[in-house]
Amino acid sequence: YAHFIFSSFGSVFKILSNSLNNPSNEIKYTDTNNISKYKVNNVDTYEYVYDSYQRLIQVKLKDSILEEYTYTSDSLLETYTNLTKNRKYVYDEKRRVKEIWKQEAANETLLCEIIYDRYDNIMFLKDKVNNTTKHFTYNGSNDIVKISELYTNNNIYQLDKDNNQIKKNR
């Protein structure tokens with residue numbers, strides 16, 4: 001079982017493991033109630049760094065940067081970088097992600113293109129790496145009821161009227 005100690009903001013400040021004398025994880029917050037540090041098993045401490053708009057810009061472990069985030073002038077995620085991935089996000093006029101790019105040195109590769117329907121639902125997801133296109137089908141409540149690969153008629157999954165999965169192929 002676990003016990004939780006709360007900060008004055010009402011957020012979890014410390015998580016105690018089975019023994020109350022053995023604190024295993026600890027979470028510290030900034031004055032604006034963002035997580036600033038997360039200590040795991042009293043060993044590794046992750047540090048979270050924010051910009052003046054309270055947007056996460058870095059995650060560090062032992063002074064090494066694990067993740068970095070940049071934002072557009074209107075606060076949309078523009079780039080995400082970690083130890084193995086560099087991603088760039090491009091948005092349409094409605095602030096929806098329309099492209100995801102892989103960045104390597106001076107080269108950029110389009111990974112994914114997203115096309116929306118008139119209700120702002122994802123209609124097509126074009127995987128440029130594997131050269132496949134997924135088509136999303138929605139019910140009257142805008143719930144996804146089927147995802148299929150375009151041109152192959154291969155249903156990835158389909159839901160019944162109660163949103164239970166009834167079919168899965170691959």
Side-chain angles (χ1 to χ4, degrees), residues 1-117 119-134 136 142-144 147 156-157:
Y1 64 91
H3 291 282
F4 301 93
I5 298 173
F6 293 89
S7 71
S8 59
F9 294 110
S11 303
V12 174
F13 178 74
K14 193 180 272 191
I15 302 169
L16 304 175
S17 63
N18 290 344
S19 168
L20 288 176
N21 299 322
N22 180 21
S24 58
N25 298 329
E26 183 176 336
I27 301 171
K28 292 189 178 180
Y29 291 85
T30 65
D31 292 340
T32 54
N33 207 24
N34 291 320
I35 294 175
S36 62
K37 292 189 180 190
Y38 177 48
K39 186 184 258 185
V40 180
N41 295 324
N42 281 333
V43 179
D44 293 325
T45 300
Y46 295 87
E47 181 181 355
Y48 299 84
V49 181
Y50 301 87
D51 65 12
S52 60
Y53 296 103
Q54 304 309 310
R55 301 175 299 198
L56 181 64
I57 57 172
Q58 289 182 337
V59 177
K60 297 179 180 180
L61 176 63
K62 298 179 183 171
D63 295 323
S64 295
I65 297 171
L66 298 179
E67 297 178 351
E68 284 191 290
Y69 304 85
T70 64
Y71 300 88
T72 64
S73 59
D74 53 348
S75 292
L76 299 172
L77 181 63
E78 185 170 38
T79 63
Y80 165 75
T81 304
N82 68 19
L83 300 174
T84 60
K85 291 189 252 192
N86 295 319
R87 298 294 183 260
K88 176 181 168 187
Y89 302 90
V90 178
Y91 298 86
D92 66 14
E93 65 282 349
K94 289 187 170 183
R95 301 172 51 94
R96 302 173 302 194
V97 174
K98 72 175 187 178
E99 296 174 344
I100 301 173
W101 291 79
K102 177 181 181 180
Q103 296 178 304
E104 292 178 315
N107 298 324
E108 289 188 347
T109 305
L110 180 61
L111 297 176
C112 172
E113 184 179 3
I114 303 168
I115 299 170
Y116 298 87
D117 66 17
Y119 304 108
D120 296 328
N121 297 314
I122 295 174
M123 186 166 61
F124 297 107
L125 183 69
K126 296 181 178 182
D127 180 337
K128 299 295 188 172
V129 174
N130 297 311
N131 200 26
T132 60
T133 299
K134 291 182 175 66
F136 295 76
N142 286 330
D143 300 318
I144 295 174
I147 300 174
I156 297 168
Y157 80 82

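- Here the closest non-hydrogen pair linking L66 and Y46 is CD1-CE2, 3.6 Å.
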Taking it one step at a time, do L77 and Y71 satisfy side chain to side chain contact (heavy atoms under 4.5 Å, CB included)?
CA-CA 5 Å; L77 181 63; Y71 300 88; 4.0 Å; yes

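- Under the 4.5 Å side-chain criterion, counting only non-hydrogen atoms from C-beta, R95 is in contact with L76.
- When side chains are defined from C-beta on, I115 counts as touching M123, because their heavy atoms get closer than 4.5 Å.
- When only modelled atom types and interatomic distance are considered, N82 and Y80 share a side-chain donor-acceptor pair under 3.5 Å.
- Among all heavy-atom pairs drawn from I35 and Y50, the shortest one is O-OH, 2.7 Å.
- Residue E113 holds its CD atom at 6.0 Å from CD of E99, rounded to the nearest 0.5 Å.
- L56 and Y69 make their closest contact through O-CB, 3.3 Å (heavy atoms, listed as atom of the first residue, atom of the second, distance).
- Residues Y116 and D92 come closest through the heavy atom pair CD1-OD2, 4.1 Å.
- Within the model, atoms CG of N142 and CG of D117 stand 7.0 Å from one another, a figure rounded to the nearest 0.5 Å.
- What you find for Y91 and V97 is that their closest heavy atoms are CE2-CG2, 3.4 Å.
- Side chains of T132 and N130: no donor on one and acceptor on the other come within 3.5 Å.
- Under a 4.0 Å N-O distance rule, the pair K39/D44 does not qualify as a salt bridge.
- Looking only at side-chain heavy atoms (C-beta outward), Y38 and Y48 come within less than 4.5 Å of each other.
- Rounding to the nearest 0.5 angstrom, the gap separating the OG1 atom in T45 from the NZ atom in K28 is 8.5 Å.
- Remark: E47 CD to S36 OG distance equals 7.5 Å, nearest 0.5 Å.
- Looking at K134 and D127, no side-chain N of the basic residue comes within less than 4.0 Å of a carboxylate O on the acidic one, giving no salt bridge.
- Residues Q58 and E67 fail the side-chain proximity criterion, which asks for heavy atoms closer than 4.5 Å.
- Using a 4.0 Å cut-off between a side-chain N of Lys or Arg and a carboxylate O of Asp or Glu, E108 and K88 qualify as a salt bridge.
- Judged purely by distance below 3.5 Å, without hydrogens or angles, the side chains of N34 and Q54 pair a donor atom with an acceptor atom.
- No side-chain N or O of T79 forms a donor-acceptor pair with one of R87 less than 3.5 Å apart.
- In this structure, K94 and D120 approach most closely via the heavy-atom pair NZ-OD1, 3.2 Å.
- Although no hydrogens or angles enter the test, the distance criterion places no donor-acceptor pair under 3.5 Å between the side chain of R55 and the main chain of T70.
- Atoms NZ and CD, from K60 and E68 in turn, are 9.0 Å apart once rounded to the nearest 0.5 Å.
- Within the model, atoms OH of Y89 and CD1 of I100 stand 5.5 Å from one another, a figure rounded to the nearest 0.5 Å.
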Yes or no on side chain to side chain contact (heavy atoms under 4.5 Å, CB included) for L111 and W101, after CA distance, side-chain angles and deciding distance?
CA-CA 5 Å; L111 297 176; W101 291 79; 6.0 Å; no

